[in-house]
Amino acid sequence: MTVPIAWYMVLAAVLFSIGTVGALTRRNGITIFLSIELMLNAVNLLILSYARLLGDQAGQVIVFFVLAVAAAEAAIGLALFIAVYRLRRTIDVNRLNLLRW
Amino acid sequence: MEVAIFALFALLSVGFAIVVVAHPHPVKSTMSMVVVLFCLAVLFVLLGAPFVAALQVLVYTGAILVLFLFVLMLLNIGRERAAGVGQPAQRWVALVGAAFFAGFLGMLLWRTHGPDTLDALTPDYLSIHRLSWELFTTWLLPFELVGLLLLVAVVAAYAMARAPQPGEMTPPAQPGVIATTAAADVADAGADAP
């Protein structure tokens with residue numbers, strides 16, 4: 001018996017929501033970043049399940065691009081955190097409120 | 001058999017995803033993220049995408065998460081301190097909102113695709129040869145652009161993260177000089193001195 005494709009999609013929705021909670025509630029910048037990576041992965045899972053459902057390899061190619069962009073995003077974001085840490089000695093986002101109000 | 005493998009790795013991935021967002025220590029969050037990514041790689045294989053699964057393990061766990069661990073080590077970041085002002089309300093709102101979102105989205109997807117049955121995996125769909133053919137013909141321009149994007153990202157990351165050289169304009173290094181903050185800084189000023 002094969003797994004119904006809807007299970008994969010529901011799993012992707014659940015993982016995406018867990019990532020959303022993390023991105024909204026955590027204060028450590030790097031953990032927020034990890035939550036965003038989690039959301040990206042949930043979306044990858046959804047794209048791949050649609051690719052499987054439609055039998056189209058283009059979905060796999062798109063996931064490949066998402067992986068590459070995630071790598072670029074991680075490099076830039078972590079460099080930003082290092083620069084911010086150098087200035088403020090913290091990456092707690094509650095204390096990085098120069099642009100907040 | 002397939003259902004058992006799916007159930008095992010789906011539950012593992014959800015459990016460790018909760019650890020990722022709930023654990024106060026960022027290093028442990030990152031290590032749980034490794035487990036989540038491996039579980040998702042297994043699910044990608046089940047979905048007939050072994051190439052993407054290999055990339056997931058190589059690029060995500062091999063490169064991106066190692067980068068995360070390096071930065072955590074470099075900045076020497078420990079546990080989050082106890083939640084500050086206004087934090088619990090924010091947490092509950094986020095939890096309830098995300099639960100509704102997951103419920104609605106899951107139900108939508110389930111209702112749309114619940115009765116769908118999958119065709120058997122074809123060798124065409126599994127073929128990496130066909131995938132790379134597709135990648136280097138139809139998707140050649142995006143492929144090259146992504147390569148350029150990665151190059152720009154590496155240069156930009158280097159430029160941002162490198163220490164200021166003598167003679168360059170350097171911003172003031174103390175916290176609180178750039179902006180004054182209302183409650184948070186006063187409450188735990190000095191609490192995070194190294």
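Quick note on labels: first sequence line is chain A, next is B, and so on, each numbered from 1.
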Segment of [X] engaging chain A (4.5 angstrom heavy-atom cut-off):
X: B:Ala22; result: backbone
X: B:Leu40; result: side chain
X: B:Tyr158; result: neither
X: B:Ala63; result: neither
X: B:Leu46; result: both
X: B:Met160; result: both

| task | Among A:Ser35, A:Gly77, A:Ala71, A:Gly59, single out the residue with the greatest number of heavy-atom pairs under 4.5 Å to chain B. | result | A:Ala71

| task | Specify which of A:Ile76, A:Val14, A:Val10, A:Ile32 makes the most heavy-atom pairs with chain B at under 4.5 Å. | result | A:Ile76

| field | Note, A:Leu11 side chain near B:Val14 side chain (heavy atom, < 4.5 Å) | value | yes

| said: Taking the side chain as everything from C-beta on, heavy atoms only, tell me whether A:Tyr85 gets closer than 4.5 Å to B:Val71. | reply: no

Between [options], which residue shows the highest count of heavy-atom pairs closer than 4.5 Å to chain A?
options: B:Leu108, B:Leu121, B:Thr122; answer: B:Leu121
options: B:Glu134, B:Arg130, B:Arg111; answer: B:Arg130
options: B:Leu72, B:Val36, B:Leu151; answer: B:Leu72
options: B:Val59, B:Leu135, B:Leu74; answer: B:Leu135

With a 4.5 angstrom heavy-atom cut-off, is it the side chain or the backbone of [X] that approaches chain B, or both, or neither?
X: A:Glu73; value: neither
X: A:Phe16; value: side chain
X: A:Val63; value: side chain
X: A:Ala12; value: neither
X: A:Leu53; value: both
X: A:Ile62; value: side chain
X: A:Leu40; value: side chain
X: A:Ala23; value: neither

Closest contact, heavy atoms only, [X] versus [Y]:
X: A:Ile82; Y: B:Ala161; value: CG2-O, 4.0 Å
X: A:Ile18; Y: B:Ala17; value: CG2-O, 3.7 Å
X: A:Ala75; Y: B:Leu67; value: CA-CD2, 4.0 Å
X: B:His113; Y: A:Ile5; value: O-CG2, 4.2 Å
X: B:Phe68; Y: A:Ala74; value: CE1-CB, 4.4 Å
X: A:Ala68; Y: B:Val146; value: CB-CG1, 3.3 Å

| said: If you apply the rule side-chain contact (heavy atoms from CB on, under 4.5 Å), what do you find for B:Val52 with A:Phe64, and how did you get there? | reply: CA-CA 7 Å; B:Val52 177; A:Phe64 173 84; 5.7 Å; no

Same apolar cluster (I L V M F W Y, side chains within < 4.5 Å links), [X]/[Y]:
X: B:Leu150; Y: B:Val154; value: no
X: A:Val66; Y: B:Leu149; value: no
X: B:Leu131; Y: B:Phe136; value: yes
X: B:Val42; Y: B:Val3; value: yes
X: A:Phe81; Y: B:Leu65; value: yes

Rounded distance [0.5 Å steps], [atom1] in [X] versus [atom2] in [Y]:
X: B:Leu109; Y: A:Leu46; atom1: CG; atom2: CG; result: 6.0 Å
X: A:Ser49; Y: B:Leu43; atom1: OG; atom2: CG; result: 10.0 Å
X: A:Gln57; Y: B:Asp124; atom1: CD; atom2: CG; result: 7.5 Å
X: B:Leu47; Y: A:Ile47; atom1: CG; atom2: CD1; result: 12.0 Å

| task | Over 60° means perpendicular and under 30° means parallel, so classify the ring planes of A:Phe65 and B:Trp139, tilted if in between. | result | tilted

| Knowing that exactly one of A:Ile30, A:Asn28, A:Leu34 qualifies, which makes a side chain to side chain contact (heavy atoms under 4.5 Å, CB included) with B:Ser29? | A:Leu34

| Intermediate values then yes/no, side-chain contact (heavy atoms from CB on, under 4.5 Å), B:Phe44 and A:Leu45 | CA-CA 7 Å; B:Phe44 290 175; A:Leu45 182 62; 3.7 Å; yes

| said: Between A:Arg86 and B:Arg162 (side chain of the first, backbone of the second, donor and acceptor by atom type, cut-off under 3.5 Å), is there such a pair? | reply: yes

| request: Look at the side chain of A:Arg52 and the backbone N and O of B:Gly48, then say whether any donor-acceptor pair between them is shorter than 3.5 Å. | output: no

| said: I'd like to know whether CZ of B:Phe16 has more than 12 heavy-atom contacts from other residues, nucleotides or ligands below 6.0 angstrom. | reply: no

| field | A:Thr31 and B:Val21: CA distance, side-chain angles, deciding distance, side-chain contact (heavy atoms from CB on, under 4.5 Å) verdict | value | CA-CA 7 Å; A:Thr31 319; B:Val21 302; over 6 Å; no

| Any side-chain donor paired with an acceptor under 3.5 Å for A:Asn41 and B:Gln56? | yes

| remark: Within residues 4-13 of chain B, the residues sitting under 4.5 Å from chain A by heavy atom, in sequence order, are B:Phe6, B:Ala10, B:Ser13

